[in-house]
Every structure is written in structure tokens, then in C-alpha cells.
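Below is one structure, written out as C-alpha cells; comments come after it.
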Amino acid sequence: MTNRILFIIMLVAGLTAPLYAYPVFVMDLLCFALFACAFNLLLGYAGLLSFGHAAFFGGAAYITGYVTKEWGFTPLLGVLAGAGFALVIGTVFGFLAIRRQGIYFAMVTLALAQIIYFLALQMPFTGGENGLQGIPRGHLFGLIDLNNSLAMYYFVFAIFLIGFGIIYRTINSPFGEVLQAIRENESRALSLGYDVDHFKLLAFVISATLAGLAGATKAIIFQFAALTNAHWQTSGEVILMTLVGGLGTVFGPVLGAITVGALSHELSAFGSWVQVILGTIFVVCVMVFRRGIIGEIQRLASRKQG
Amino acid sequence: MSMQVILAQALLGLNVGVFYAMLSLGLAVIFGLLNIINFAHGAMYMLGAFIALIGYSFLEQWFGISVQIGFWASLILVPLLVGLLGVTIERLLLRRLYDLDHIYGLLLTFGITLILQGLFSNYFNVSGTPYPGQPESLSGVVDLGFMYFPTYRLFAIVFSLVVCFATWFFIEHTKLGSRLRAGVENPDLTQAFGLNVPLMITLTFAFGAGLAGLAGVLAAPIYSVSPLMGADLIIVVFAVVVIGGMGSIMGAILSGLALGLVEGLTKVFYPPAASTVIFFLMVLVLLFRPAGLFGKEK
């Protein structure tokens with residue numbers, strides 16, 4: 001019930017956002033919101049902490065940029081190509097990472113993501129530290145000019161809704177139930193006859209692909225694939241967004257992405273102090289605010305009822 | 001390709017390897033007792049280098065104290081200061097997270113990393129500041145027969161090796177070390193025998209932090225001191241730890257040295273892969289020996 005209300009709020013806010021906010025800024029937030037939702041599927045529901053999601057987010061952006069710029073792919077195909085790339089490396093990384101558990105899983109994903117980062121820095125087509133620039137926005141279905149910022153906005157919002165829908169469906173399916181069972185007690189799920197590794201890998205691949213979808217979309221919006229998107233700090237940022245909004249809640253990551261994104265934007269004049277502030281929020285969240293915003297609201301609501 | 005070039009790169013690789021060894025040793029010691037991975041380990045290494053730099057070059061300019069803390073003094077003072085920071089972090093923050101999932105310890109130390117890195121980025125250039133305090137007695141080069149090698153680098157290698165093996169000896173062969181190992185094996189029982197386990201945990205964390213700080217001081221004259229120096233290093237050290245497995249102290253030291261060597265040699269044979277070769281080795285280890293070279297299968 002609450003989910004339905006929250007979804008309607010999100011839908012209305014999303015549809016009307018260009019009326020009162022700068023579209024490019026909101027599009028950026030939507031990309032990060034989708035990225036955080038994808039990340040949350042893995043940590044919040046399967047209990048796997050990936051410290052390398054920037055590889056999918058940033059890596060997909062480069063692929064999308066390359067195929068639209070050099071091969072003349074349409075924006076939609078370009079975005080799909082980026083997400084497809086994330087799917088492929090997600091499968092490889094997932095296969096390797098699930099061989100270790102807990103804290104090792106985090107370290108393995110971080111180290112693997114670093115390979116993508118160095119490739120993005122060194123490959124001939126990526127533009128090194130400058131990133132891949134001059135990506136065309138192109139025409140959607142050959143008809144709608146995405147250089148129009150409103151058209152672009154609703155294209156991005158549609159992608160966000162599709163990604164969000166896939167995640168929502170995944171969580172509320174038998175598959176999602178099994179994931180949560182694995183999170184709660186892996187040995188028990190195993191003894192019930194579930195092929196735990198299979199479930200973990202599939203969750204990892206879905207999460208990676210949607211993170212890639214978010215990064216690919218971002219490349220089209222800004223016409224630019226940035227090296228920072230593949231940096232480990234981006235992996236940290238998405239963790240922070242999910243944590244602030246509420247780990248393992250449906251709408252938490254969206255709210256977290258908006259909060260952290262707006263905060264970074266407001267504080268951007270302070271230079272490196274932003275990092276200090278984000279770090280402090282991280283510490284505060286871990287110490288006293290582990291449920292996140294949505295999680296705390298849910299707890300208060302259930303206490304009132306009970 | 002001459003033998004000399006290869007030997008020279010191998011020695012430079014060993015130079016990097018001792019830093020890997022010291023940092024992965026610290027991570028392994030902390031992990032053994034606390035079961036957490038200290039993401040801030042890289043930041044503490046950076047902090048060590050910066051305290052040495054500030055002590056040497058900026059005390060008068062910033063604080064109006066006309067004292068200059070030299071390299072040798074830093075070598076003793078800095079690990080103590082970074083260790084003290086470790087005590088503070090453990091007592092105030094980490095201690096409250098032991099009952100939770102271990103990933104919260106990782107996330108907390110990640111936050112601390114951002115804070116430290118951001119703080120120093122405000123006052124220092126990201127591209128690095130040179131540390132001018134290298135002692136006179138260690139300048140110049142030594143003739144090793146097959147090549148001339150900077151005296152300071154040789155000193156850094158020998159000194160780090162001594163520290164690593166002293167740590168190993170202390171943990172594996174002294175009475176205090178055996179108590180520590182008992183704490184790793186079974187903290188509750190160890191406490192029941194009257195040993196102060198919480199104090200042991202605090203001191204262990206401080207020791208690991210101090211080791212990172214010490215590595216930072218040693219690194220300062222070689223690399224330029226930069227707010228990002230720790231972050232770039234720590235991710236490689238994570239891969240080293242995954243390759244070696246954190247079960248054994250000697251394993252952490254040896255895999256650190258060996259991987260530094262591999263990285264150095266890659267620079268000779270295929271330079272573009274030098275920054276990623278360790279990650280690819282990690283992939284191989286995960287495929288064929290998931291528990292790590294020195295790790296125990298669970």
C-alpha cells in the first residue's frame with residue numbers, strides 16, 4: 001500500500017520535474033537513482049557488497065559513446081549496446097567474485113573494476129583522462145530529436161521507469177524471495193536445495209546490466225563518457241546513496257540518489273570539502289543511521305501501528 | 001633485453017614489493033583479530049607520508065613552531081601518531097560495529113578514507129609535493145656490482161624487510177604473540193583465561209595503523225607525497241591480499257614481495273600491463289585456487 005503511494009508520488013514528480021527543475025540535473029539524478037536501485041538489488045536483497053559497480057556504470061558509458069559516435073548507432077541501440085557490455089563483464093566478474101564470500105567479495109569486485117578503470121585510461125579510443133567526448137544525442141526511432149532537452153528528459157525517464165520496473169519485479173518474485181533467503185542464511189538456503197551460486201550470479205548480472213543501462217544513458221545525456229564514472233569513488237558514491245536512502249527498501253535508493261546528488265551539487269563550490277562531508281555522512285550513516293531514510297520511516301510507521 | 005635492465009627493474013619491483021608487503025601485513029594482522037578489512041589503511045599510509053612532510057617543511061609556516069622534524073625522528077614519531085589515530089578510531093567507532101555484519105567495518109573505514117583524502121586535497125596538490133628530508137647519509141648510489149642503485153631505496157628495502165620479519169617473529173615466536181594468536185583462534189576462551197581481549201584488539205589495530213604510517217614515511221622520499229597516493233596503492237594491496245589469502249602472516253609478506261617483483265618485471269616486458277598485471281593474477285588465483293595461495297580452504 002505504502003509502496004503504491006510512493007510510486008504515484010515518484011511518477012508525478014518525475015513527469016512534472018521539467019516544469020520546476022533544470023532537466024539536465026534531474027536526468028543526472030535519474031541515472032544515479034537507477035544505478036543505486038541496481039546496486040541495492042545486490043546488497044539490499046542478496047546481501048552482496050560489490051565495490052566495483054563503477055566498472056559497469058562507467059564502462060557501459062564508453063561503449064555507448066563509441067558505438068553511437070563511430071558506428072552511427074541510434075541512441076536506443078547505443079544504450080542497449082552499453083547495457084549489453086555491462087551484462088557481459090558482469091557475468092565474468094560475477095562468476096569470479098562469487099567464488100569468495102563476505103569481505104573478500106568486496107575486495108575482489110573492487111580489484112576487478114580497477115582493470116576496467118585502467119583500460120578506460122589506456123585504450124586508444126577512450127580519450128584517456130579527458131574521457132570520450134562529442135557523443136551525439138541523435139534521433140530516437142529516427143524521428144524524435146533528442147537534442148531537444150524535453151524529449152531527452154522523457155526518454156531518460158522512460159528508461160528509468162523500465163529499469164525500476166525490472167528491479168521491482170525481480171524483488172517481488174519467487175527469485176527475489178530466494179535471494180533474501182540467501183542473504184539471511186546462506187547455508188540454510190543451500191540445504192533447502194537452492195543452487196545458491198546460480199542465484200547469486202543471476203542477481204549480480206541483473207544488477208550489473210542495469211547499472212550499465214544507467215551509465216549508458218548518462219553518456220547520451222552529457223554527450224560525454226567520463227573517466228571518473230569508472231573510478232572506485234563512484235562505486236563508493238552509489239553505496240552511500242543506497243545507505244542514506246535505505247538499504248533493502250524499494251524507494252530508498254531513489255531518495256538516497258536525490259539526497260546525495262543534490263547535496264554534492266549544492267556543495268560543489270567547496271571543492272574537496274565535498275569529499276570530507278560525504279565521508280562524514282558515510283561514517284554517521286554506518287554508526288547511527290543504518291536503516292536509512294525510508295528504513296527509519298518504515299520503522300516509525302510499524303511502531304505506530306503495533 | 002640486457003640482463004642488467006631486468007635486474008634493475010626487479011630491484012625496483014622489490015622496492016614496491018616491500019610496501020605491498022608492509023601494507024598487506026598490516027591488513028592481515030588487523031583482519032586476524034578484528035575480522036574487518038581496513039579500507040583506511042591506504043589513507044593511513046598517506047597520512048604517515050604527510051605528517052613526515054609537514055613535520056619537515058611546514059611546522060614553522062603553519063604553526064609558527066620553529067622546529068624541524070627530521071627523517072629519523074619521523075620514522076619513530078609518525079607510526080606512534082598514526083597508531084594513536086588508530087586507537088581513537090577503534091575505541092570510538094569500530095568497537096560499536098563488531099556485532100554487526102563485517103561489511104559495516106569496511107564501509108566505516110571507507111568513509112574515514114574519504115574524510116582524510118578530502119582534508120589533504122584541500123591543502124596539497126593532487127599531483128604531489130616532494131619530501132626534501134631524505135637524510136644526507138642515505139643520498140647517492142651504491143655499486144651493487146651489476147648496477148648502481150640509489151642508497152635510499154636500498155635502505156627502504158632492507159629496513160622494511162627487517163620490520164616485516166620482526167613482526168612475523170613477534171607474532172609466531174614470542175609469548176605475547178602466542179596470546180595474540182589465541183585471541184584470533186578463540187576470543188571468548190582467551191578472555192575467559194583472563195587476557196584482556198578488547199585491549200589486544202585496540203593495540204592490534206593501532207599496530208596495523210602504525211605499520212601503514214611507517215610505510216608512508218619510508219615512501220615519502222621516493223614518491224612525491226600526494227593525497228591520492230594511498231588510494232591507488234590500497235586497491236592493489238587488496239588484490240595482493242586476495243592472492244595471498246589472509247590466513248598467514250608469512251603469506252602476506254611473501255605475496256607482497258613476489259607481486260612487487262612481478263609488477264617490476266612486467267614493466268620490462270610489457271609496460272602497458274604493469275598497472276593491471278596483479279589484478280589479472282588475482283583472476284587466475286580465483287579460478288584455480290579460490291582460497292588464495294596461502295589461505296586455508298573452508
Side-chain angles (χ1 to χ4, degrees), chain A residues 43 47-52 92-93 95-119 121-124 183 231-233 235-237 239-240 242-243 247 270-288 290, chain B residues 27 31 35-37 39 43 89 92-93 96-97 100-123 126 227 231-232 234-243 245-246 272-276 278-280 282-283 285-287 290-292 295 298:
Chain A
L43 179 59
L48 298 171
L49 172 61
S50 160
F51 233 110
V92 177
F93 285 12
F95 174 76
L96 291 167
I98 58 170
R99 299 170 79 87
R100 300 301 300 266
Q101 273 147 353
I103 227 110
Y104 279 102
F105 183 91
M107 287 196 287
V108 169
T109 44
L110 178 59
L112 289 172
Q114 207 65 0
I115 297 180
I116 299 292
Y117 176 77
F118 278 112
L119 285 179
L121 188 63
Q122 292 171 349
M123 296 263 277
R183 179 192 65 190
H231 195 254
W232 57 266
Q233 237 156 356
S235 298
E237 234 165 83
I239 299 175
L240 182 62
T242 314
L243 209 58
L247 205 59
F270 294 95
S272 296
W273 287 108
V274 178
Q275 220 183 12
V276 179
I277 293 164
L278 289 184
T280 311
I281 299 175
F282 229 115
V283 171
V284 171
C285 274
V286 171
M287 294 310 297
V288 296
R290 284 184 288 272
Chain B
L27 280 182
F31 183 79
N35 268 317
I36 67 141
I37 280 293
F39 201 108
I89 291 173
L92 286 181
L93 304 169
R96 295 161 213 271
L97 298 176
L100 301 166
D101 195 322
H102 299 316
I103 62 169
Y104 285 109
L106 181 72
L107 294 178
L108 176 80
T109 50
F110 179 77
I112 294 171
T113 304
L114 289 184
I115 295 175
L116 287 174
Q117 203 170 291
L119 275 179
F120 282 97
S121 299
N122 279 313
Y123 301 107
V126 196
D232 294 339
I234 196 65
I235 302 179
V236 183
V237 173
F238 280 174
V240 171
V241 160
V242 173
I243 292 172
M246 280 190 290
S275 46
T276 44
I278 293 182
F279 300 124
F280 282 112
M282 181 192 78
V283 170
V285 168
L286 283 172
L287 284 176
K298 263 195 275 186

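Numbered from 1 within each chain, the chains take letters A, B, ... in sequence-line order.
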Would Ser275(B) and Gln122(A) count as a side-chain hydrogen bond (donor to acceptor under 3.5 Å, both in side chains) if you check the C-alpha gap in whole Å, the side-chain angles of each, and the deciding distance to 0.1 Å? CA-CA 10 Å; Ser275(B) 46; Gln122(A) 292 171 349; 3.3 Å; yes
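- Interface residue Ile103(A): only side-chain heavy atoms are found under 4.5 Å from chain B.
- Between chain A and the residues Ile235(B), Thr109(B), Leu116(B), Thr276(B), the most heavy-atom pairs under 4.5 angstrom are made by Ile235(B).
- Within the 4.5 angstrom heavy-atom criterion, only side-chain atoms of Leu247(A), from C-beta onward, approach chain B.
- Between Trp273(A) and Tyr123(B), the two ring planes are perpendicular [angle over 60°; tilted spans 30° to 60°].
- Taking CZ of Phe110(B) as the reference point, atom CD of Gln233(A) lies at 6.5 Å (rounded to 0.5 Å).
- The structure places CG of Leu286(B) at 10.0 Å from CZ of Phe95(A), a figure rounded to the nearest 0.5 Å.
- For Leu49(A), the side chain to side chain contact (heavy atoms under 4.5 Å, CB included) partners two or more places apart in sequence, or in a different chain, are Phe39(A), Leu43(A), Phe51(A), Ala106(A), Ile239(A), Ile103(B), Leu106(B), Leu107(B).
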Could you go through the side chain to side chain contact (heavy atoms under 4.5 Å, CB included) check for Gln114(A) and Met282(B) one step at a time? CA-CA 12 Å; Gln114(A) 207 65 0; Met282(B) 181 192 78; over 6 Å; no
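- You'll find the side chain of Ile234(B) stays beyond 4.5 Å of the side chain of Trp232(A), heavy atoms only.
- The shortest distance between side-chain heavy atoms of Val283(A) and Leu108(B) falls below 4.5 Å.
- For a residue to count as touching a neighbouring chain, one of its non-hydrogen atoms must lie under 4.5 Å from one of that chain's; by this rule Phe31(B) touches chain A with the side chain only.
- Here the straight-line distance linking atom CD1 of Ile115(B) with atom CD of Gln275(A) works out to 10.0 Å at 0.5 Å rounding.
- In this structure, CZ on Arg290(A) lies 11.0 Å from CG on Asp101(B), to the nearest 0.5 angstrom.
- Gly111(B) and Phe282(A) get closest at one heavy-atom pair: CA-CB, 3.7 Å.
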